[in-house]
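What follows is one structure encoded as C-alpha coordinates, with my remarks underneath.
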Amino acid sequence: MTEKVGDVEQRINKLEVLRQSGINPYPNDFTVKNTAKEVTDSCIGLDKEALEAKGETAILAGRIMAFRDFGKASFLHIQDRTGKIQVYIKKDLIGENAFKIFKNCDVGDIIGIEGRVFRTKTNELTVEAKDIRLLAKALLPLPEKWHGLTDVETRYRRRYLDLIVNPEVKDVFIKRTQIIRLIRDFLNMRDFVEVETPMFQSIPGGAAARPFKTHHNALDIDLFLRIAPELYLKRLVIGGFERVYEINRNFRNEGISTQHNPEFTMLEFYLAYATFEDLMTLTEEMITSIARKICGTFKIEYQGQTIDLTPPWQRISVKDAILKYSNADNDIFTDKKMAVDFAKKIGIDLPEGFSHGKIILEIFERTAEPKFIQPTFVTHYPIEVSPLSRKNEKDPTIVDRFELLVCGREIANAFSELNDPIDQKQRFVQQIKEKEAGDTEAHLMDEDFVMALEYGMPPTAGEGIGIDRLVMLLTNSASIRDVILFPQLRPERI
RNA sequence: GAGCCGCUAGCUCAGAUGGUAGAGCAACGCCCUUUUAAGGCGUGGGCCCCGGGUUCGAAUCCCGGGCGGCUCACCA
(Lines give C-alpha, C1' and ligand atoms only; values in the text may rest on other atoms or scores of the structure.)
Protein backbone atom coordinates (compact mmCIF):
# COMPACT_ATOMS: atom_id res chain seq x y z
CA MET A 1 0.00 0.00 0.00
CA THR A 2 2.27 2.69 -1.21
CA GLU A 3 -0.32 5.17 -2.35
CA LYS A 4 -2.63 7.16 -0.12
CA VAL A 5 -5.05 4.77 1.54
CA GLY A 6 -7.65 5.77 4.08
CA ASP A 7 -8.93 3.64 6.92
CA VAL A 8 -12.00 2.57 5.00
CA GLU A 9 -10.03 1.55 1.92
CA GLN A 10 -7.66 -0.43 4.09
CA ARG A 11 -10.52 -2.31 5.60
CA ILE A 12 -12.17 -2.92 2.25
CA ASN A 13 -8.85 -4.38 1.11
CA LYS A 14 -8.89 -6.79 4.06
CA LEU A 15 -12.45 -7.69 3.21
CA GLU A 16 -11.38 -8.55 -0.33
CA VAL A 17 -8.48 -10.65 0.93
CA LEU A 18 -10.95 -12.64 3.04
CA ARG A 19 -13.45 -13.02 0.20
CA GLN A 20 -10.72 -14.30 -2.09
CA SER A 21 -9.79 -16.98 0.41
CA GLY A 22 -13.41 -18.11 0.50
CA ILE A 23 -14.46 -16.36 3.70
CA ASN A 24 -17.82 -14.59 3.79
CA PRO A 25 -17.25 -11.45 5.88
CA TYR A 26 -20.98 -11.27 6.68
CA PRO A 27 -22.11 -14.83 7.43
CA ASN A 28 -25.35 -15.69 9.19
CA ASP A 29 -24.82 -19.18 10.57
CA PHE A 30 -23.03 -18.76 13.87
CA THR A 31 -24.98 -19.96 16.87
CA VAL A 32 -24.23 -18.10 20.07
CA LYS A 33 -24.50 -20.15 23.23
CA ASN A 34 -23.25 -17.86 25.99
CA THR A 35 -22.86 -14.25 26.98
CA ALA A 36 -19.89 -12.53 28.56
CA LYS A 37 -21.78 -12.17 31.80
CA GLU A 38 -22.83 -15.83 31.90
CA VAL A 39 -19.22 -16.88 31.52
CA THR A 40 -18.07 -14.44 34.17
CA ASP A 41 -20.83 -15.43 36.59
CA SER A 42 -20.25 -19.14 36.17
CA CYS A 43 -16.60 -18.73 37.08
CA ILE A 44 -16.95 -16.43 40.06
CA GLY A 45 -14.84 -17.62 42.95
CA LEU A 46 -13.04 -20.26 40.89
CA ASP A 47 -9.28 -19.91 40.97
CA LYS A 48 -6.96 -20.98 38.22
CA GLU A 49 -6.78 -24.62 39.27
CA ALA A 50 -10.47 -24.99 40.03
CA LEU A 51 -11.30 -23.51 36.63
CA GLU A 52 -8.85 -25.90 34.97
CA ALA A 53 -10.48 -28.83 36.70
CA LYS A 54 -13.97 -27.70 35.75
CA GLY A 55 -13.08 -27.43 32.07
CA GLU A 56 -15.56 -24.66 31.35
CA THR A 57 -16.08 -23.81 27.68
CA ALA A 58 -17.96 -21.02 25.96
CA ILE A 59 -19.37 -20.09 22.57
CA LEU A 60 -19.95 -16.38 22.35
CA ALA A 61 -19.95 -13.44 20.01
CA GLY A 62 -19.28 -9.75 20.26
CA ARG A 63 -17.57 -6.67 18.96
CA ILE A 64 -13.78 -6.38 19.17
CA MET A 65 -13.11 -3.43 21.46
CA ALA A 66 -9.33 -3.68 21.86
CA PHE A 67 -6.29 -5.61 20.69
CA ARG A 68 -3.05 -6.40 22.45
CA ASP A 69 -1.07 -8.11 19.76
CA PHE A 70 2.02 -10.30 20.05
CA GLY A 71 2.54 -11.42 16.52
CA LYS A 72 1.65 -15.07 16.83
CA ALA A 73 -0.71 -14.54 19.72
CA SER A 74 -3.05 -11.81 20.82
CA PHE A 75 -5.34 -10.67 23.57
CA LEU A 76 -8.54 -8.90 22.73
CA HIS A 77 -11.62 -7.71 24.50
CA ILE A 78 -14.94 -8.44 22.94
CA GLN A 79 -18.17 -6.85 24.03
CA ASP A 80 -21.68 -8.24 23.86
CA ARG A 81 -24.92 -6.94 25.32
CA THR A 82 -23.90 -8.06 28.79
CA GLY A 83 -20.41 -6.58 28.88
CA LYS A 84 -16.80 -7.30 27.98
CA ILE A 85 -14.67 -10.40 28.24
CA GLN A 86 -11.08 -11.09 27.28
CA VAL A 87 -10.23 -13.51 24.49
CA TYR A 88 -6.85 -15.13 23.91
CA ILE A 89 -5.91 -16.04 20.36
CA LYS A 90 -2.98 -18.36 19.83
CA LYS A 91 -1.78 -19.34 16.37
CA ASP A 92 -0.86 -22.88 17.51
CA LEU A 93 -4.34 -23.47 18.80
CA ILE A 94 -6.58 -21.98 16.12
CA GLY A 95 -4.42 -23.04 13.22
CA GLU A 96 -2.97 -21.34 10.19
CA ASN A 97 -6.22 -20.57 8.37
CA ALA A 98 -8.20 -19.19 11.28
CA PHE A 99 -5.17 -17.15 12.28
CA LYS A 100 -5.08 -15.63 8.82
CA ILE A 101 -8.71 -14.59 9.23
CA PHE A 102 -7.90 -13.14 12.60
CA LYS A 103 -5.05 -11.10 11.13
CA ASN A 104 -7.58 -9.41 8.88
CA CYS A 105 -9.82 -8.46 11.78
CA ASP A 106 -9.94 -4.94 13.17
CA VAL A 107 -11.20 -3.22 16.27
CA GLY A 108 -14.91 -2.80 15.68
CA ASP A 109 -15.42 -6.11 13.87
CA ILE A 110 -17.93 -8.56 15.23
CA ILE A 111 -16.59 -12.04 15.78
CA GLY A 112 -17.67 -15.40 17.17
CA ILE A 113 -15.40 -17.34 19.52
CA GLU A 114 -15.41 -20.88 20.82
CA GLY A 115 -13.01 -22.05 23.46
CA ARG A 116 -11.99 -23.01 26.95
CA VAL A 117 -12.26 -20.57 29.85
CA PHE A 118 -9.12 -20.00 31.90
CA ARG A 119 -7.36 -17.47 34.06
CA THR A 120 -4.23 -15.67 32.89
CA LYS A 121 -1.13 -14.93 34.92
CA THR A 122 -2.80 -11.73 36.05
CA ASN A 123 -5.89 -13.72 36.97
CA GLU A 124 -8.18 -12.26 34.32
CA LEU A 125 -10.92 -14.56 33.17
CA THR A 126 -10.26 -15.28 29.51
CA VAL A 127 -11.66 -17.40 26.71
CA GLU A 128 -8.90 -19.23 24.90
CA ALA A 129 -10.15 -19.43 21.34
CA LYS A 130 -9.93 -22.73 19.60
CA ASP A 131 -11.95 -21.30 16.77
CA ILE A 132 -12.75 -17.80 15.53
CA ARG A 133 -15.36 -16.64 13.01
CA LEU A 134 -15.68 -13.21 11.51
CA LEU A 135 -19.39 -12.36 11.76
CA ALA A 136 -19.44 -8.79 10.49
CA LYS A 137 -16.62 -6.64 9.14
CA ALA A 138 -16.57 -3.01 10.25
CA LEU A 139 -15.34 -0.53 7.66
CA LEU A 140 -15.08 2.46 9.98
CA PRO A 141 -12.80 2.65 13.01
CA LEU A 142 -14.20 3.02 16.50
CA PRO A 143 -13.36 6.10 18.58
CA GLU A 144 -10.16 5.92 20.55
CA LYS A 145 -10.01 3.43 23.42
CA TRP A 146 -8.73 5.75 26.09
CA HIS A 147 -10.56 9.07 25.74
CA GLY A 148 -13.50 7.53 23.92
CA LEU A 149 -16.17 9.60 22.26
CA THR A 150 -16.92 12.83 24.09
CA ASP A 151 -18.04 15.25 21.38
CA VAL A 152 -21.68 15.71 22.31
CA GLU A 153 -22.84 16.48 18.82
CA THR A 154 -21.37 13.25 17.46
CA ARG A 155 -22.72 11.36 20.46
CA TYR A 156 -26.27 12.49 19.69
CA ARG A 157 -26.07 12.24 15.91
CA ARG A 158 -24.40 8.83 15.99
CA ARG A 159 -25.93 7.43 19.13
CA TYR A 160 -24.96 3.89 18.10
CA LEU A 161 -21.30 4.86 18.52
CA ASP A 162 -22.03 6.46 21.87
CA LEU A 163 -23.70 3.24 22.97
CA ILE A 164 -20.85 1.02 21.77
CA VAL A 165 -18.14 3.06 23.41
CA ASN A 166 -19.72 4.60 26.52
CA PRO A 167 -21.21 1.89 28.71
CA GLU A 168 -22.72 4.38 31.18
CA VAL A 169 -24.87 5.76 28.35
CA LYS A 170 -26.36 2.35 27.72
CA ASP A 171 -26.95 1.96 31.45
CA VAL A 172 -29.08 5.10 31.48
CA PHE A 173 -31.30 3.83 28.68
CA ILE A 174 -31.65 0.44 30.30
CA LYS A 175 -32.72 2.19 33.48
CA ARG A 176 -35.19 4.19 31.44
CA THR A 177 -36.96 1.08 30.21
CA GLN A 178 -36.84 -0.42 33.70
CA ILE A 179 -38.49 2.69 35.11
CA ILE A 180 -41.24 2.53 32.52
CA ARG A 181 -41.79 -1.14 33.21
CA LEU A 182 -42.01 -0.46 36.96
CA ILE A 183 -44.61 2.23 36.32
CA ARG A 184 -46.67 -0.21 34.27
CA ASP A 185 -46.35 -2.86 36.97
CA PHE A 186 -47.35 -0.35 39.63
CA LEU A 187 -50.47 0.74 37.78
CA ASN A 188 -51.44 -2.69 36.46
CA MET A 189 -51.32 -4.08 39.99
CA ARG A 190 -53.82 -1.42 40.99
CA ASP A 191 -56.24 -2.44 38.28
CA PHE A 192 -55.42 0.32 35.82
CA VAL A 193 -55.90 -0.40 32.12
CA GLU A 194 -53.35 0.80 29.59
CA VAL A 195 -54.76 2.34 26.42
CA GLU A 196 -53.68 4.25 23.35
CA THR A 197 -55.47 7.39 22.24
CA PRO A 198 -55.03 9.52 19.11
CA MET A 199 -51.76 11.22 18.27
CA PHE A 200 -53.53 13.09 15.50
CA GLN A 201 -56.15 15.41 16.89
CA SER A 202 -58.25 17.96 15.07
CA ILE A 203 -58.54 20.03 18.24
CA PRO A 204 -55.26 19.80 20.16
CA GLY A 205 -56.35 19.89 23.80
CA GLY A 206 -55.45 18.97 27.34
CA ALA A 207 -52.59 21.40 27.85
CA ALA A 208 -51.47 24.95 27.19
CA ALA A 209 -48.97 24.64 24.35
CA ARG A 210 -48.42 25.30 20.69
CA PRO A 211 -48.99 22.22 18.52
CA PHE A 212 -47.39 20.83 15.39
CA LYS A 213 -49.70 21.01 12.42
CA THR A 214 -49.99 18.50 9.61
CA HIS A 215 -52.42 17.58 6.87
CA HIS A 216 -54.35 14.45 5.96
CA ASN A 217 -54.63 14.24 2.18
CA ALA A 218 -57.53 11.84 1.76
CA LEU A 219 -59.71 13.59 4.30
CA ASP A 220 -58.31 16.96 3.23
CA ILE A 221 -58.20 18.24 6.77
CA ASP A 222 -55.55 19.78 8.96
CA LEU A 223 -54.57 17.71 11.95
CA PHE A 224 -52.44 18.46 14.98
CA LEU A 225 -50.00 16.21 16.77
CA ARG A 226 -51.30 15.89 20.25
CA ILE A 227 -49.99 18.10 23.04
CA ALA A 228 -51.66 15.83 25.64
CA PRO A 229 -53.96 12.80 25.73
CA GLU A 230 -56.03 14.21 28.58
CA LEU A 231 -59.37 14.86 26.92
CA TYR A 232 -59.43 11.41 25.29
CA LEU A 233 -58.51 9.63 28.51
CA LYS A 234 -61.33 11.42 30.31
CA ARG A 235 -63.74 10.33 27.57
CA LEU A 236 -62.63 6.79 28.45
CA VAL A 237 -63.35 7.40 32.13
CA ILE A 238 -66.83 8.46 31.07
CA GLY A 239 -67.00 5.25 29.03
CA GLY A 240 -66.33 3.18 32.12
CA PHE A 241 -62.56 2.85 32.23
CA GLU A 242 -62.48 3.92 35.85
CA ARG A 243 -58.74 3.38 36.09
CA VAL A 244 -56.92 4.12 32.88
CA TYR A 245 -53.49 5.22 31.76
CA GLU A 246 -51.36 5.90 28.74
CA ILE A 247 -47.59 6.13 28.36
CA ASN A 248 -46.83 7.75 25.06
CA ARG A 249 -45.40 10.66 23.17
CA ASN A 250 -46.61 14.25 23.31
CA PHE A 251 -45.49 16.89 20.81
CA ARG A 252 -45.10 20.57 21.53
CA ASN A 253 -43.91 23.09 19.01
CA GLU A 254 -41.71 25.08 21.35
CA GLY A 255 -38.11 25.77 22.22
CA ILE A 256 -35.50 23.08 22.77
CA SER A 257 -33.40 23.08 25.92
CA THR A 258 -31.83 20.81 28.50
CA GLN A 259 -35.39 20.36 29.84
CA HIS A 260 -37.36 20.29 26.59
CA ASN A 261 -37.50 18.08 23.52
CA PRO A 262 -40.23 18.64 20.90
CA GLU A 263 -41.42 15.07 21.40
CA PHE A 264 -41.37 13.73 24.91
CA THR A 265 -42.89 10.86 26.82
CA MET A 266 -45.74 11.39 29.21
CA LEU A 267 -47.57 9.14 31.61
CA GLU A 268 -51.14 10.21 32.18
CA PHE A 269 -53.42 8.25 34.48
CA TYR A 270 -56.96 8.74 35.75
CA LEU A 271 -58.50 7.29 38.87
CA ALA A 272 -62.25 7.57 39.32
CA TYR A 273 -63.69 8.22 42.79
CA ALA A 274 -60.46 9.77 43.95
CA THR A 275 -59.20 13.29 44.63
CA PHE A 276 -55.94 15.09 43.94
CA GLU A 277 -55.04 14.43 47.55
CA ASP A 278 -55.29 10.69 46.98
CA LEU A 279 -52.93 11.12 44.05
CA MET A 280 -50.31 12.80 46.22
CA THR A 281 -50.08 9.63 48.28
CA LEU A 282 -50.16 7.45 45.18
CA THR A 283 -47.38 9.52 43.59
CA GLU A 284 -45.20 9.16 46.66
CA GLU A 285 -45.74 5.42 46.58
CA MET A 286 -45.04 5.14 42.87
CA ILE A 287 -41.88 7.22 42.76
CA THR A 288 -40.37 5.87 45.96
CA SER A 289 -41.00 2.29 44.90
CA ILE A 290 -39.24 3.01 41.61
CA ALA A 291 -36.35 4.79 43.33
CA ARG A 292 -35.94 1.86 45.72
CA LYS A 293 -35.50 -0.53 42.80
CA ILE A 294 -33.53 1.71 40.44
CA CYS A 295 -31.35 3.68 42.85
CA GLY A 296 -31.42 1.40 45.88
CA THR A 297 -31.94 4.39 48.17
CA PHE A 298 -34.26 7.31 48.87
CA LYS A 299 -31.35 9.73 49.16
CA ILE A 300 -30.37 10.25 45.58
CA GLU A 301 -27.68 12.48 44.10
CA TYR A 302 -28.76 14.89 41.41
CA GLN A 303 -26.15 17.18 39.85
CA GLY A 304 -24.34 17.77 43.10
CA GLN A 305 -27.42 17.99 45.29
CA THR A 306 -28.78 15.32 47.58
CA ILE A 307 -32.48 14.74 47.10
CA ASP A 308 -34.28 12.94 49.90
CA LEU A 309 -37.28 11.08 48.55
CA THR A 310 -38.30 9.70 51.93
CA PRO A 311 -42.07 10.28 52.24
CA PRO A 312 -44.16 12.12 53.19
CA TRP A 313 -43.19 15.02 50.96
CA GLN A 314 -43.73 18.64 51.83
CA ARG A 315 -47.08 20.13 50.78
CA ILE A 316 -47.64 23.84 50.36
CA SER A 317 -50.15 25.95 48.49
CA VAL A 318 -49.16 28.40 45.77
CA LYS A 319 -50.37 31.21 48.01
CA ASP A 320 -48.40 30.10 51.08
CA ALA A 321 -45.32 29.51 48.95
CA ILE A 322 -45.44 33.06 47.61
CA LEU A 323 -45.96 34.49 51.08
CA LYS A 324 -43.09 32.41 52.42
CA TYR A 325 -40.53 33.14 49.70
CA SER A 326 -41.29 36.76 48.88
CA ASN A 327 -42.35 39.86 50.73
CA ALA A 328 -45.65 39.94 48.87
CA ASP A 329 -48.68 41.17 50.71
CA ASN A 330 -51.77 39.06 51.30
CA ASP A 331 -53.95 41.30 49.15
CA ILE A 332 -52.17 40.45 45.88
CA PHE A 333 -54.44 37.39 45.93
CA THR A 334 -57.64 39.41 46.13
CA ASP A 335 -56.70 42.57 44.28
CA LYS A 336 -55.43 42.21 40.71
CA LYS A 337 -54.00 45.73 40.72
CA MET A 338 -51.87 44.90 43.77
CA ALA A 339 -50.71 41.72 42.05
CA VAL A 340 -49.70 43.66 38.92
CA ASP A 341 -47.81 46.21 40.99
CA PHE A 342 -45.97 43.53 42.92
CA ALA A 343 -45.07 41.63 39.77
CA LYS A 344 -43.62 44.77 38.24
CA LYS A 345 -41.76 45.53 41.44
CA ILE A 346 -39.93 42.21 41.28
CA GLY A 347 -39.11 42.68 37.61
CA ILE A 348 -41.69 40.57 35.80
CA ASP A 349 -42.66 41.77 32.33
CA LEU A 350 -46.42 41.42 32.07
CA PRO A 351 -48.01 41.49 28.64
CA GLU A 352 -51.40 43.18 28.43
CA GLY A 353 -54.41 41.03 29.15
CA PHE A 354 -52.85 38.68 31.67
CA SER A 355 -55.47 37.32 34.04
CA HIS A 356 -55.10 37.74 37.78
CA GLY A 357 -54.42 34.03 38.15
CA LYS A 358 -51.73 34.08 35.49
CA ILE A 359 -50.00 36.96 37.26
CA ILE A 360 -50.10 35.02 40.54
CA LEU A 361 -48.57 32.03 38.75
CA GLU A 362 -45.82 34.24 37.28
CA ILE A 363 -45.05 35.57 40.74
CA PHE A 364 -44.94 32.02 42.10
CA GLU A 365 -42.61 30.86 39.36
CA ARG A 366 -40.28 33.78 39.88
CA THR A 367 -40.14 33.82 43.67
CA ALA A 368 -40.89 30.38 45.03
CA GLU A 369 -40.59 27.66 42.41
CA PRO A 370 -36.77 27.49 42.25
CA LYS A 371 -36.68 27.09 46.05
CA PHE A 372 -38.26 23.65 46.00
CA ILE A 373 -35.24 21.42 45.69
CA GLN A 374 -36.59 18.63 47.87
CA PRO A 375 -39.76 16.94 46.58
CA THR A 376 -42.70 19.21 47.20
CA PHE A 377 -46.36 19.13 46.29
CA VAL A 378 -47.38 22.66 45.42
CA THR A 379 -51.15 22.83 45.61
CA HIS A 380 -54.12 25.01 44.76
CA TYR A 381 -53.27 26.80 41.55
CA PRO A 382 -55.29 29.78 40.30
CA ILE A 383 -58.42 28.80 38.42
CA GLU A 384 -57.57 30.84 35.31
CA VAL A 385 -54.47 28.74 34.59
CA SER A 386 -56.23 25.44 35.27
CA PRO A 387 -59.22 25.25 32.92
CA LEU A 388 -59.66 21.49 33.28
CA SER A 389 -59.41 21.29 37.07
CA ARG A 390 -62.12 21.13 39.67
CA LYS A 391 -62.84 24.32 41.54
CA ASN A 392 -61.94 24.32 45.24
CA GLU A 393 -65.03 23.99 47.44
CA LYS A 394 -64.05 26.80 49.80
CA ASP A 395 -62.25 29.21 47.51
CA PRO A 396 -63.57 29.53 43.93
CA THR A 397 -60.45 31.41 42.77
CA ILE A 398 -58.30 28.29 43.06
CA VAL A 399 -58.52 24.65 41.97
CA ASP A 400 -57.81 21.28 43.57
CA ARG A 401 -54.55 20.71 41.82
CA PHE A 402 -50.91 20.03 42.59
CA GLU A 403 -47.60 20.02 40.84
CA LEU A 404 -44.75 17.91 42.14
CA LEU A 405 -41.54 19.90 42.14
CA VAL A 406 -38.08 18.42 42.55
CA CYS A 407 -34.94 20.49 42.02
CA GLY A 408 -37.21 23.40 41.15
CA ARG A 409 -38.62 21.46 38.22
CA GLU A 410 -42.06 20.13 37.52
CA ILE A 411 -42.11 16.34 37.59
CA ALA A 412 -45.87 15.80 37.85
CA ASN A 413 -49.09 17.76 37.44
CA ALA A 414 -52.36 16.48 38.81
CA PHE A 415 -55.81 17.57 39.76
CA SER A 416 -59.29 16.62 40.71
CA GLU A 417 -60.94 16.64 37.32
CA LEU A 418 -63.62 19.11 36.44
CA ASN A 419 -66.69 16.98 35.73
CA ASP A 420 -69.35 19.69 35.68
CA PRO A 421 -70.09 20.15 31.95
CA ILE A 422 -71.56 23.62 32.36
CA ASP A 423 -68.55 24.85 34.33
CA GLN A 424 -66.24 23.20 31.78
CA LYS A 425 -67.96 24.98 28.93
CA GLN A 426 -67.59 28.32 30.69
CA ARG A 427 -63.90 27.64 31.28
CA PHE A 428 -63.39 26.97 27.58
CA VAL A 429 -65.22 30.19 26.78
CA GLN A 430 -62.89 32.01 29.13
CA GLN A 431 -59.90 30.44 27.37
CA ILE A 432 -61.21 31.65 24.01
CA LYS A 433 -61.28 35.17 25.42
CA GLU A 434 -57.67 34.83 26.51
CA LYS A 435 -56.74 33.48 23.11
CA GLU A 436 -58.35 36.52 21.54
CA ALA A 437 -56.44 38.71 23.98
CA GLY A 438 -53.23 37.31 22.53
CA ASP A 439 -52.42 34.17 24.54
CA THR A 440 -51.19 31.76 21.83
CA GLU A 441 -51.24 28.86 24.27
CA ALA A 442 -54.78 29.22 25.59
CA HIS A 443 -56.96 26.12 25.30
CA LEU A 444 -59.39 25.65 22.42
CA MET A 445 -63.09 24.97 22.78
CA ASP A 446 -63.81 21.25 22.48
CA GLU A 447 -67.59 20.88 22.11
CA ASP A 448 -67.33 17.13 21.68
CA PHE A 449 -65.54 16.81 25.01
CA VAL A 450 -68.17 18.95 26.71
CA MET A 451 -70.85 16.69 25.24
CA ALA A 452 -69.04 13.67 26.67
CA LEU A 453 -69.09 15.33 30.10
CA GLU A 454 -72.81 15.93 29.69
CA TYR A 455 -73.29 12.15 29.84
CA GLY A 456 -71.72 12.26 33.30
CA MET A 457 -68.15 11.63 34.43
CA PRO A 458 -67.57 10.15 37.85
CA PRO A 459 -65.57 12.29 40.26
CA THR A 460 -62.04 11.56 39.12
CA ALA A 461 -58.47 12.57 39.77
CA GLY A 462 -55.92 12.62 36.99
CA GLU A 463 -52.17 13.06 36.77
CA GLY A 464 -49.41 13.51 34.24
CA ILE A 465 -45.80 12.59 34.91
CA GLY A 466 -43.04 13.62 32.53
CA ILE A 467 -41.17 10.37 32.05
CA ASP A 468 -38.05 11.98 30.60
CA ARG A 469 -37.67 14.28 33.57
CA LEU A 470 -38.31 11.48 36.02
CA VAL A 471 -35.62 9.44 34.29
CA MET A 472 -33.25 12.42 34.40
CA LEU A 473 -33.77 12.68 38.13
CA LEU A 474 -33.28 8.98 38.81
CA THR A 475 -30.23 8.66 36.55
CA ASN A 476 -28.58 11.95 37.54
CA SER A 477 -28.71 13.20 33.94
CA ALA A 478 -28.17 16.92 33.37
CA SER A 479 -29.89 17.13 29.99
CA ILE A 480 -33.07 15.63 28.57
CA ARG A 481 -30.92 14.67 25.57
CA ASP A 482 -29.13 12.20 27.79
CA VAL A 483 -32.33 10.24 28.40
CA ILE A 484 -33.74 10.40 24.84
CA LEU A 485 -31.95 8.08 22.40
CA PHE A 486 -32.30 10.35 19.40
CA PRO A 487 -32.93 13.91 20.62
CA GLN A 488 -34.07 16.50 18.10
CA LEU A 489 -31.16 18.27 16.38
CA ARG A 490 -30.94 20.46 13.32
CA PRO A 491 -30.02 18.42 10.27
CA GLU A 492 -26.37 18.70 9.35
CA ARG A 493 -25.88 20.95 6.34
CA ILE A 494 -22.90 21.10 4.05
C1' G B 1 -35.27 34.26 19.72
C1' A B 2 -30.73 36.74 22.64
C1' G B 3 -25.83 36.33 25.01
C1' C B 4 -21.32 33.51 25.89
C1' C B 5 -18.19 29.41 24.34
C1' G B 6 -16.63 25.66 20.82
C1' C B 7 -15.60 23.45 15.69
C1' U B 8 -7.77 21.39 13.56
C1' A B 9 -6.13 13.60 11.31
C1' G B 10 -10.94 8.09 12.50
C1' C B 11 -10.95 9.65 18.16
C1' U B 12 -8.90 12.99 22.21
C1' C B 13 -6.35 17.39 21.93
C1' A B 14 -1.79 21.16 21.11
C1' G B 15 -0.92 24.99 17.67
C1' A B 16 1.30 33.52 22.13
C1' U B 17 2.33 38.18 19.37
C1' G B 18 -0.09 36.17 11.35
C1' G B 19 5.27 32.80 8.36
C1' U B 20 2.27 27.82 5.24
C1' A B 21 0.02 22.09 10.74
C1' G B 22 1.68 18.69 15.38
C1' A B 23 1.16 14.85 19.57
C1' G B 24 -1.14 10.54 21.80
C1' C B 25 -4.35 6.67 20.54
C1' A B 26 -6.15 4.20 16.08
C1' A B 27 -4.16 2.59 11.06
C1' C B 28 -0.06 0.45 7.86
C1' G B 29 5.06 -2.42 7.72
C1' C B 30 8.70 -5.30 10.65
C1' C B 31 9.94 -7.86 15.62
C1' C B 32 7.47 -10.15 19.68
C1' U B 33 2.98 -16.89 22.06
C1' U B 34 0.01 -14.67 29.29
C1' U B 35 -1.12 -8.87 27.76
C1' U B 36 -4.20 -4.93 30.67
C1' A B 37 -3.76 2.44 27.59
C1' A B 38 1.30 -4.22 26.32
C1' G B 39 6.34 -3.00 24.25
C1' G B 40 10.31 -1.75 20.32
C1' C B 41 11.70 0.26 15.33
C1' G B 42 9.69 2.50 10.99
C1' U B 43 5.57 4.71 7.70
C1' G B 44 1.27 7.01 5.84
C1' G B 45 -2.74 10.12 7.01
C1' G B 46 -5.63 17.05 6.99
C1' C B 47 -11.48 21.19 2.19
C1' C B 48 -7.71 23.45 10.00
C1' C B 49 -16.81 23.85 9.69
C1' C B 50 -18.22 27.03 5.08
C1' G B 51 -17.93 31.81 2.28
C1' G B 52 -15.90 36.58 1.79
C1' G B 53 -12.20 40.36 3.38
C1' U B 54 -7.37 42.43 5.27
C1' U B 55 -2.24 40.98 4.18
C1' C B 56 3.55 39.53 0.38
C1' G B 57 1.48 35.57 3.49
C1' A B 58 -4.49 33.50 7.48
C1' A B 59 -5.94 27.44 11.32
C1' U B 60 -4.58 32.26 13.66
C1' C B 61 -7.03 38.94 12.46
C1' C B 62 -12.05 41.14 10.51
C1' C B 63 -17.18 40.36 8.42
C1' G B 64 -21.13 37.00 7.13
C1' G B 65 -23.10 32.10 7.47
C1' G B 66 -23.56 26.76 9.43
C1' C B 67 -23.77 23.18 13.37
C1' G B 68 -23.27 22.12 18.57
C1' G B 69 -22.96 23.20 24.00
C1' C B 70 -24.30 26.29 28.16
C1' U B 71 -27.19 30.42 30.22
C1' C B 72 -31.58 33.32 29.60
C1' A B 73 -36.52 33.75 27.39
C1' C B 74 -40.85 30.17 26.35
C1' C B 75 -42.56 25.80 28.24
C1' A B 76 -43.40 20.18 30.59
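Residue numbering restarts at 1 for every chain, and letters A, B, ... go by the order of the sequence lines. Remember, predicted model here, so these are calculated numbers, not experimental data.
Nearest-nucleotide mapping onto RNA chain B: of Ile411(A) and Ala73(A), the residue sitting toward the 5' end is Ala73(A). Mapping Gly71(A) and Arg366(A) onto RNA chain B by nearest heavy atom places Gly71(A) closer to the 5' end of the strand.
Counting any heavy atom pair closer than 4.0 Å across all strands shown, Asn250(A) reaches no nucleic acid atom. Across all strands shown, Phe118(A) has heavy atoms under 4.0 Å from base atoms, whether or not it also approaches the sugar-phosphate. If you check every strand for non-hydrogen atoms under 4.0 Å, Ala207(A) touches nothing. Contacts of Gln86(A) with the nucleic acid, taken as non-hydrogen atoms under 4.0 Å apart, include base atoms. No engagement by Arg409(A) is indicated, since no non-hydrogen atom pair under 4.0 Å with the nucleic acid exists.
In this pair, Phe75(A) does not lay its aromatic ring on the base of A38(B); centres under 5.5 Å and planes under 30 degrees do not both hold. Ring stacking is absent between Trp146(A) and G24(B), as the pair misses the limits of under 5.5 Å between centres and under 30 degrees between planes.
No donor-acceptor contact under 3.5 Å links the side chain of Glu144(A) to the base of U12(B). Side-chain atoms of Thr120(A) and base atoms of U35(B) include a donor and an acceptor less than 3.5 Å apart. Judged by distance alone, with hydrogens and angles left aside, Ser74(A) brings no side-chain donor or acceptor close enough to the base of U35(B) to form a pair under 3.5 Å.
His77(A) and Glu124(A) share a side-chain donor-acceptor pair at under 3.5 Å. When only modelled atom types and interatomic distance are considered, Glu38(A) and Thr82(A) share no side-chain donor-acceptor pair under 3.5 Å.
Of the nucleotides present, C72(B) is the one that pairs with G1(B) by Watson-Crick or G-U wobble criteria, both distances under 3.5 Å.
Checking G68(B), A76(B), A37(B) against every side-chain atom of Val152(A), the shortest atom distance belongs to G68(B). Taking every side-chain heavy atom of Arg157(A) into account, G68(B) is the closest of C28(B), G68(B), U12(B). When each of A26(B), C32(B), U36(B) is scored by its nearest atom to the side-chain atoms of Phe70(A), the top-ranked nucleotide is C32(B). Taking only side-chain atoms of Thr258(A), from C-beta outward, the nucleotide of C32(B), C25(B), C70(B) with the closest atom is C70(B). Which of C70(B), A76(B), G10(B) sits closest to the side chain of Arg481(A) comes down to C70(B).
Here the shortest heavy-atom pairing between Ile132(A) and Phe102(A) reads CD1-CD1, 3.7 Å.
Comparing the C1' positions of A58(B) and G18(B) gives an interatomic distance of 6 Å, to the nearest angstrom.
Here the C1' atom of nucleotide C74(B) and the CG atom of Leu361(A) are 13 Å apart, to the nearest Å.
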